[in-house]
Amino acid sequence: MGTIHHIELNVSNLKKSVTFWGWFLEDLGYQAFQTWDEGRSWKRDETYIVFVQTKEKFLSGGYHRGHTGLNHLAFQASSKEQVDNLTKKLQEKGIEILYKKRHPFAGGEQHYAVFFEDPDRIKVELVAPFT
């Protein structure tokens with residue numbers, strides 16, 4: 001009780017978001033769950049993440065994590081090595097690592113993580129367990 005049941009994100013380009021999020025979520029152990037014309041989801045245990053194409057009339061405003069609302073999504077890694085492996089995959093895919101000068105300690109000396117953005121500039125974080 002009290003764990004996240006699901007997260008639903010409206011996205012500006014469903015195809016780009018599915019390409020971006022699919023490999024990452026599957027790398028974390030999520031499995032494809034639901035597919036329909038306007039959306040796609042991945043599930044791990046009892047939690048799932050849904051991506052839905054934003055309706056045309058709502059696209060013009062755009063998203064920015066500095067506005068009121070979602071700032072970022074942080075996922076728990078199993079180890080520092082998993083963070084390092086994901087960092088390499090992101091670089092191979094040409095996905096920019098945020099806070100490069102402070103990586104992997106951009107969250108502080110005891111916070112080993114990689115930060116990056118999805119196609120809509122939603123910040124994503126993979127953080128290693130505190131040791």
Check the pair Phe130, His111 against side chain to side chain contact (heavy atoms under 4.5 Å, CB included), reporting the backbone distance first and the verdict last.
CA-CA 7 Å; Phe130 179 76; His111 193 85; over 6 Å; no
Begin from the C-alpha positions of Leu9 and Leu73 and carry the test side chain to side chain contact (heavy atoms under 4.5 Å, CB included) through to its verdict.
CA-CA 11 Å; Leu9 298 173; Leu73 295 171; 3.9 Å; yes
Would you give the length of the straight line joining atom NE2 of His72 to atom CG of Leu98, rounded to the nearest 0.5 angstrom?
10.5 Å
Is any side-chain heavy atom of His6 less than 4.5 Å from a side-chain heavy atom of Thr47?
no
So Asp120 and Ser17, side chain to side chain contact (heavy atoms under 4.5 Å, CB included) or not? Walk me through it.
CA-CA 8 Å; Asp120 287 309; Ser17 292; 4.0 Å; yes
Nearest heavy-atom pair of Glu125 and Ala113: which atoms, and what distance?
OE2-CB, 3.7 Å
Here the pair of heavy atoms bringing Val83 nearest to Leu126 is CG2-O, 3.7 Å
Phe33, Val50: one ILVMFWY side-chain cluster at the under-4.5 Å cut-off?
yes
Any link between Trp36 and Val11 through a network of hydrophobic side chains (Ile, Leu, Val, Met, Phe, Trp, Tyr) touching at under 4.5 Å?
no
Could you pull out the closest heavy-atom pair between Ala106 and Tyr99, with the gap in Å?
CB-CB, 3.6 Å
Does Phe58 share a hydrophobic cluster with Leu14, counting links as ILVMFWY side-chain heavy atoms below 4.5 Å and allowing steps through other members?
no
For the hydrophobic clusters of this structure (ILVMFWY residues joined by side-chain heavy atoms under 4.5 Å, transitively), does one cluster hold both Phe51 and Tyr48?
no
If you define the side chain from C-beta out and look only at heavy atoms, does anything of Asp27 sit under 4.5 Å from Lys89?
yes
Would you say Gln76's side chain and Val127's backbone share a donor-acceptor pair under 3.5 angstrom?
yes
Gap separating the CD atom of Glu56 from the OG atom of Ser12, nearest 0.5 angstrom
11.0 Å
Of all heavy-atom pairs linking Ser78 and Pro129, the shortest is O-CG, 3.6 Å
So, taking the atom named NZ in Lys43 and the one named CG in Asp45, what distance separates them when rounded to the nearest 0.5 Å?
9.0 Å
Might you work through the side chain to side chain contact (heavy atoms under 4.5 Å, CB included) test for Asn71 and Lys123, ending with a clear yes or no?
CA-CA 7 Å; Asn71 178 275; Lys123 185 167 66 172; 3.8 Å; yes
Partner of Phe75 under ring pair (Phe, Tyr, Trp, His ring centres under 6.0 Å), picked from Phe24, Phe115, Trp42, is Phe24
Nearest 0.5 Å please: distance from the NE2 atom of His64 over to the CZ atom of Arg121.
5.0 Å
Are Arg65 and Glu117 close enough for a salt bridge, meaning some N to O gap below 4.0 Å?
yes
Could you give me the CA-CA distance, side-chain angles and deciding distance for Asp84 and Tyr112, then say whether side chain to side chain donor-acceptor pair (under 3.5 Å) is met?
CA-CA 10 Å; Asp84 294 340; Tyr112 196 94; 2.6 Å; yes
Taking every non-hydrogen atom, the tightest pair across Ile97 and Lys100:
O-CG, 3.2 Å
At what distance, to the nearest 0.5 angstrom, does OG1 of Thr19 lie from NZ of Lys15?
7.0 Å
Taking atom CD of Glu8 as the centre, does the number of heavy atoms from other residues, nucleotides or ligands within less than 6.0 Å exceed 12?
yes
Taking C-beta and beyond as the side chain, do His103 and Thr87 meet within less than 4.5 Å on heavy atoms?
yes
Tell me, do Trp21 and Ile49 make a side-chain contact under 4.5 Å, heavy atoms counted?
no
Is there side-chain contact between Val18 and Trp23, with heavy atoms separated by less than 4.5 Å?
no
Do Asn10 and Gln53 have side chains that get closer than 4.5 Å, going by heavy atoms?
no
Hey, quick one: are Val114 and Ile95 part of the same hydrophobic cluster, counting side-chain heavy atoms closer than 4.5 Å, chains of contacts allowed?
yes
Phe20 vs Phe116 side-chain heavy atoms within contact, under 4.5 Å
yes
